[in-house]
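Everything below concerns the one structure shown next.
In what follows, every chain begins at residue 1, and chains take the letters A, B, ... in the order their sequences are listed.
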Protein chains: 2
Amino acid sequence: MESMSSSAAPTGRTGRPPVTSRAEILTAARRLIDRDGWDKLTIRRLASELGVGATTLYHHIRDKEDLLVQLLEYHVGRLDRPPLPDGPRDRIVVAAAAMHDALASWPWAAEVLTTDGFVGLLDESALWMVEGILAGADEHGCTPEQSVRLFRSIWYYTVGEILVRAHTARRVEEGRLPEFRTVFDADRVPHLAALGARWRTLAVRDTYPVGLQAFVDGLLAQADAERA
Amino acid sequence: MESMSSSAAPTGRTGRPPVTSRAEILTAARRLIDRDGWDKLTIRRLASELGVGATTLYHHIRDKEDLLVQLLEYHVGRLDRPPLPDGPRDRIVVAAAAMHDALASWPWAAEVLTTDGFVGLLDESALWMVEGILAGADEHGCTPEQSVRLFRSIWYYTVGEILVRAHTARRVEEGRLPEFRTVFDADRVPHLAALGARWRTLAVRDTYPVGLQAFVDGLLAQADAERA
DNA sequence: ACCTGAACACCGTTCAAGT
DNA sequence: ACCTGAACACCGTTCAAGT
C-alpha cells in the first residue's frame with residue numbers, strides 16, 4: 001500500500017501534501033458567515049478565505065449542500081447540554097426550547113433544516129434534544145405514533161419560527177423591509193382593519209416560548225383524548 | 001402632457017409600444033414553474049419564455065423578489081373562498097387549513113412566505129383567511145394581543161410544515177433524499193433507538209390537520225387561562 | 001494523493017444606445 | 001415609453017493536467 005519514492009513526507013503517505021483539512025474548512029466557513037453574512041458563503045469565497053483554489057474544496061466536500069450539513073453538525077455537536085426537568089411536560093418544553101435556541105443561532109441553515117428526516121443526518125451528540133422530547137412524550141403516556149407526531153409538530157413550528165424571524169431580521173439589517181400596510185378595508189377585513197398599526201408592534205414580540213407551551217399542552221391533551 | 005409626433009399609435013400614447021405586460025409575465029412565470037420546476041424560474045429564462053430580452057422585464061418588475069410577491073398575490077387572489085363554520089374554534093381551524101392548502105400549492109414561494117409582515121403585502125382578496133382566524137379568536141374572547149399571537153403561532157407552524165414538506169418532496173422526485181439512519185445508540189438515545197425504522201414510516205404521514213387542531217385548542221385554552 | 005487554472009453553463013442587474 | 005445587447009460581477013461544478 002505504501003510508496004517510498006516521495007521525499008520529506010513526515011507521515012508514511014505518498015503524494016502531494018494537503019493544504020487544508022475538513023476542520024479548517026468548517027472553521028473558515030463559520031468565520032466567513034459571522035463576518036460577512038450567510039449569503040456570502042460561497043465555494044469561491046470560502047476557498048479564497050482559506051487561500052486555496054476553489055476546486056480544491058471538492059476534495060474535502062461532496063458539494064455545497066454537504067458543506068452545509070457538515071457545518072451544522074459540527075457546531076451543534078459542540079453545544080453544551082442543559083439539565084432537563086423531571087416532569088415529562090416540562091422536559092418536552094425545555095428540550096424543544098433548547099433545540100430552537102441552538103438552531104436559531106444558525107438560521108442560515110434553512111436548506112438543511114427544511115429536509116424532512118434531517119434528524120437522521122445528525123450525530124448522537126446533537127440528538128439529546130430529540131430524545132428529550134420523545135422521552136417526555138413517552139413518559140406522559142403517548143404511543144410511539146403520538147410521540148413522533150408530537151415531535152414533528154413541534155419541529156414544524158420551530159423551523160417556521162426560525163426561518164421567518166431570521167429572514168425578517170436579515171431584511172431589517174439590510175434596511176429593505178417592505179413597508180407594512182396599516183390601513184385595511186374595514187368592510188372586507190374588519191378585525192385586521194381594527195388592529196391597524198398595532199399589528200406591527202405586536203408582531204415583533206418573541207412569542208416562541210409561550211406558543212410552544214400552548215402547543216405542547218394541546219398536543220398532550222389531544223393524545224390523552226385519543227387514547228380515552 | 002401628450003405628444004403628437006409618433007405615427008400609427010392606436011392609443012393616445014407616445015413612444016415604442018410594449019411587447020409584454022404584467023399579466024403576461026405572471027402567466028408565463030407560472031407556466032414555467034409548472035412545467036420546469038420552481039428553481040428554473042430565472043429572469044433570463046422567463047424572458048426567453050416570453051420571447052423578449054432579459055432586461056425588458058425590469059420595466060415591469062422592480063427585481064426578482066418583486067416578481068415573486070406579485071406572483072403569489074396574483075394567484076392567491078384568484079382562489080375561491082370556502083364557507084367558514086359558525087363556531088369560533090372551528091372557524092380558526094378551517095381558515096388556517098385553507099391558508100395552508102393555498103400556500104402549499106406554491107411552496108416555491110419560500111422567499112416570500114418567510115417575510116414577517118408578509119401579510120401586509122397582500123391584497124384584501126387574499127386576506128379573508130387571516131381575517132377568519134382573527135375573527136374566530138376575537139369571538140372566542142381573545143384580546144387583540146392574544147389574537148395576533150394566535151395567528152402568528154399558527155403561521156409559523158404552517159410555514160414550517162410547508163417548507164419542510166415541499167423541500168422533502170422536491171428531493172424525493174430528484175431522487176437525492178439522503179438515506180435515513182435507522183440505527184441509533186440505545187445507551188445515549190434509547191427512545192430514538194427503539195423507534196428505529198418506524199420513524200421513517202411515521203414521518204411521511206400528513207399530520208398537519210391534526211396538529212393544527214391541537215395547537216388551536218392549546219392556544220385558546222392558554223388565552224382563557226391568562227384572562228382568568 | 002492532492003492541488004490547480006481553465007472552462008462550462010449559468011445567474012441578477014445596470015446602463016448607454018436605439019426606436 | 002419602451003426595448004435591447006453588451007457588460008459587470010458574480011455563481012457551482014467538471015476536467016485534464018500538474019506536482
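Of the candidates C:dC2, C:dA6, D:dG12, the closest approach to any side-chain atom of A:Thr55 belongs to C:dA6. Counting only heavy atoms from C-beta on, A:Tyr58 has its side chain closest to D:dT14 among D:dT14, D:dC3, C:dC3. Of all nucleotides listed (C:dC11, D:dT4, C:dC3), C:dC11 comes nearest to the side chain of B:Thr42. Taking only side-chain atoms of B:Arg44, from C-beta outward, the nucleotide of C:dC11, D:dT13, C:dT4 with the closest atom is C:dC11. Counting only heavy atoms from C-beta on, A:Thr56 has its side chain closest to C:dC3 among C:dC3, D:dG12, D:dA7. With distances taken from any side-chain atom of A:Arg16 to the nucleotides C:dT14, C:dC3, C:dC11, the minimum falls on C:dC3.
Atom CG in B:Leu57 sits about 12 Å away from atom C1' in D:dT4, given to the nearest Å. Taking atom CD1 on A:Ile43 and atom P on C:dA7, their separation rounds to 22 Å, with Å as the unit. Put simply, CZ on A:Arg62 is 14 Å from C1' on D:dG12, counting in whole angstrom units. Whole-Å rounding puts the A:Leu68 CG to D:dC11 C1' distance at 15 Å. The CG-P distance, from B:Asp63 to C:dT14, rounds to 8 Å in whole Å. What separates NE2 of A:His59 from P of D:dT13 is a distance of 14 Å, to the nearest Å. In this structure, the CG atom of B:Leu46 is 12 Å from the P atom of C:dT13, given to the nearest Å. Between the CD1 atom of B:Ile25 and the P atom of D:dC2 there is a distance of 12 Å, rounded to whole Å.
You'll find the ring centres of B:Trp199 and B:Phe184 outside the 6.0 Å limit.
When the P atom is compared between C:dA9 and D:dC10, the two are found 22 Å apart, to the nearest whole Å.
Under the 3.5 Å distance criterion, the side-chain polar atoms of B:Glu145 are left unmatched by any main-chain donor or acceptor of A:Leu202.
Distances shown here put every side-chain N or O of A:His60 at or beyond 4.0 Å from the OP1 or OP2 atom of C:dC2.
Within the shown strands, C:dG5 is the pairing partner of D:dC15 under the Watson-Crick or G-U definition, both distances less than 3.5 Å.
Among the protein residues, A:Ser21 comes within range of no part of the nucleic acid, since none of its heavy atoms lies under 4.0 Å from any strand. Among the heavy atoms of the strands lying under 4.0 Å from A:Arg45 are primed sugar atoms or P, OP1, OP2 only; no base atom is included.
A salt bridge between B:Lys40 and B:Asp36 is absent, with no side-chain N of the basic residue lying under 4.0 Å from a carboxylate O of the acidic one.
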Query raised in the report: side chain to side chain contact (heavy atoms under 4.5 Å, CB included) between A:Leu26 and A:Leu67: does it pass, once the steps are laid out?
Result: CA-CA 8 Å; A:Leu26 296 178; A:Leu67 171 69; 4.1 Å; yes
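Relative ring orientation between B:Tyr156 and A:Tyr157 is described as tilted, the plane-to-plane angle lying within the 30° to 60° band.
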